[in-house]
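Structure record follows, encoded as structure tokens.
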Amino acid sequence: MPFITDIKTFAAIGTGVIGAGWIARALAHGLDVVAWDPAPGAEAALRTRLANAWPALEKQGLAPGASSQRLCFAASIEECVRDADFIQESAPERLGLKLDLHARISAAAHPEVLIASSTSGLLPSEFFADAVQPQRCLVGHPFNPVYLLPLVEVVGGERTAPQAIEAAKAIYAALGMRPLHVRKEVPGFIADRLLEALWREALHLVNDGVATTSEIDDAIRFGAGLRWSFMGSFLTYTLAGGEAGMRHFMAQFGPALQLPWTYLQAPELSDRLIDDVVAGTAEQQGRRSLAELERYRDDCLLAVLGAIRETKARHGFAFED
């Protein structure tokens, strides 16, 4: 069965931070959006989030006809997905909840409409178990802020059709994203597994009194983080190997992997560790509100993305390379 790829109406189930980010991206690309969330005050909170994100989207450039006024809030799941061309679920990470949601979503949606989940850790074969026509169900895992960061991990379940994966990649690309097909169902997929390893080590460094949260963030943002924004770990280490490249790097630095530099297992989240992390990040935040920090983050991301795009073009690379 062919799946719809030319979408006009985007349905969003769940309107928290991730769901709101999807909605902002869809609206910025000139789509109509229908949203549903059962939480009290969800619509008002969503419109506040959109208002805070919209200046960044205007700086990035809006599609013709794009408007935050093209959002409507539905009274039920069924109303939300009934006329949708694509559905993105961003509900809390609870297996029982997602099982129920996708049974209801898939029963009400048109059969040729793809149904994606923003889950960051649950496996699609598990929570699509009761879905109607699970061959059109998959994971589309984004990164915050969804309306600016282009990466989306696309993961199929045991019954997901290969055509659904390709259709989802086309839809996400049309929304200005960089779809990454994760070929196997593994917990955490790709990016979050890498991030979790870094997060565990950071917590150990705080727990052991080696560094504060601010110092750890400085180590990232003034060091490897700058390289990661345009050149990932493997290509960076290839350069570190000199003319002999990666083979020399592996021979020279590979033995260090056997040294006990890292813990890997997370430390116990004791009250003291939690208090230290909360106090450290509160000091970093200072008097700035979360909304102010989000706008600062968005402006920084736009500047970095713009600089990378311009520099790549000057060196003959496409932005996607």
Side-chain angles (χ1 to χ4, degrees), residues 1-27 29-47 49-50 67-120 122-142 146 152 154-157 159-161 163-164 167-168 171-172 174-175:
M1 173 185 295
F3 300 103
I4 294 175
T5 55
D6 183 17
I7 64 173
K8 304 291 191 299
T9 301
F10 184 105
I13 303 293
T15 61
V17 172
I18 298 300
W22 277 117
I23 291 165
R25 180 175 281 275
L27 290 169
H29 279 77
L31 301 181
D32 293 317
V33 177
V34 185
W36 176 83
D37 192 309
E43 181 174 2
L46 169 60
R47 294 191 184 277
R49 287 193 176 104
L50 285 177
S67 170
S68 59
Q69 301 304 310
R70 295 178 68 171
L71 165 69
C72 67
F73 216 82
S76 68
I77 290 175
E78 289 74 17
E79 179 187 342
C80 182
V81 306
R82 182 179 57 213
D83 298 318
D85 300 316
F86 182 76
I87 301 164
Q88 186 79 36
E89 168 268 312
S90 305
E93 296 282 88
R94 299 200 301 271
L95 179 58
L97 172 63
K98 288 190 184 285
L99 275 166
D100 177 65
L101 281 176
H102 285 284
R104 292 179 62 187
I105 293 168
S106 60
H110 291 296
E112 68 276 18
V113 170
L114 294 181
I115 302 171
S117 173
S118 302
T119 184
S120 59
L122 298 175
L123 300 181
S125 291
E126 296 175 346
F127 62 81
F128 288 133
D130 298 330
V132 178
Q133 296 179 306
Q135 68 271 18
R136 41 80 174 265
C137 300
L138 48 89
V139 164
H141 173 228
V146 182
V152 56
V154 180
V155 192
R159 295 186 284 175
T160 304
Q163 297 89 335
I171 289 171
Y172 288 132
L175 289 173

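Predicted model, so just to flag it, every value in this text is computed and none were measured.
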What are the two closest non-hydrogen atoms of [X] and [Y], and how far apart are they?
{"X": "Ala74", "Y": "Trp36", "answer": "O-CD1, 3.4 Å"}
{"X": "Cys80", "Y": "Ala12", "answer": "SG-O, 3.8 Å"}
{"X": "Val154", "Y": "Ala168", "answer": "CG1-CB, 4.3 Å"}
{"X": "Leu27", "Y": "Leu71", "answer": "CD2-N, 4.0 Å"}
{"X": "Ala109", "Y": "Val81", "answer": "N-CG2, 4.0 Å"}
{"X": "Ala167", "Y": "Thr5", "answer": "CB-CG2, 3.6 Å"}

Between atom [atom1] of [X] and atom [atom2] of [Y], what is the distance when rounded to the nearest 0.5 Å?
{"X": "Arg70", "Y": "Phe10", "atom1": "CZ", "atom2": "CZ", "value": "13.5 Å"}
{"X": "Leu31", "Y": "Ser67", "atom1": "CG", "atom2": "OG", "value": "12.5 Å"}
{"X": "Thr9", "Y": "Phe86", "atom1": "OG1", "atom2": "CZ", "value": "13.0 Å"}
{"X": "Ile4", "Y": "His110", "atom1": "CD1", "atom2": "NE2", "value": "7.5 Å"}
{"X": "Lys98", "Y": "Ile105", "atom1": "NZ", "atom2": "CD1", "value": "8.5 Å"}
{"X": "Leu97", "Y": "Glu89", "atom1": "CG", "atom2": "CD", "value": "7.5 Å"}

- For Ser118 and Gln88, test the side chains for any donor-to-acceptor distance below 3.5 angstrom and give the result as yes or no. yes
- Mind checking salt bridge (charged side-chain N to carboxylate O under 4.0 Å, His left out) for Arg104 and listing every partner two or more places apart, or none if nothing turns up? Glu78
- Message: Measuring only between side-chain heavy atoms, which start at C-beta, is Glu93 closer than 4.5 Å to Thr119?
- Response: yes
- Message: What I'd like to find out is whether the side chain of Ser117 reaches to under 4.5 Å of the side chain of Phe128, using heavy atoms alone.
- Response: yes
Give a yes or no on whether the backbone of [Y] and the side-chain of [X] come within a donor-acceptor separation of less than 3.5 Å.
{"X": "Arg159", "Y": "Ala129", "value": "yes"}
{"X": "Asp37", "Y": "Thr15", "value": "yes"}
{"X": "Asp85", "Y": "Lys8", "value": "yes"}

- Message: Between Phe73 and Leu46, is the side chain to side chain contact (heavy atoms under 4.5 Å, CB included) condition met? List the steps.
- Response: CA-CA 10 Å; Phe73 216 82; Leu46 169 60; 3.9 Å; yes
- Could you check Arg136 against Ile115 for side chain to side chain contact (heavy atoms under 4.5 Å, CB included), going step by step and ending with a plain yes or no? CA-CA 6 Å; Arg136 41 80 174 265; Ile115 302 171; 3.7 Å; yes
- Phe127 meets the ring-ring contact (aromatic ring centres under 6.0 Å, His included) criterion, sequence neighbours left out, with His102
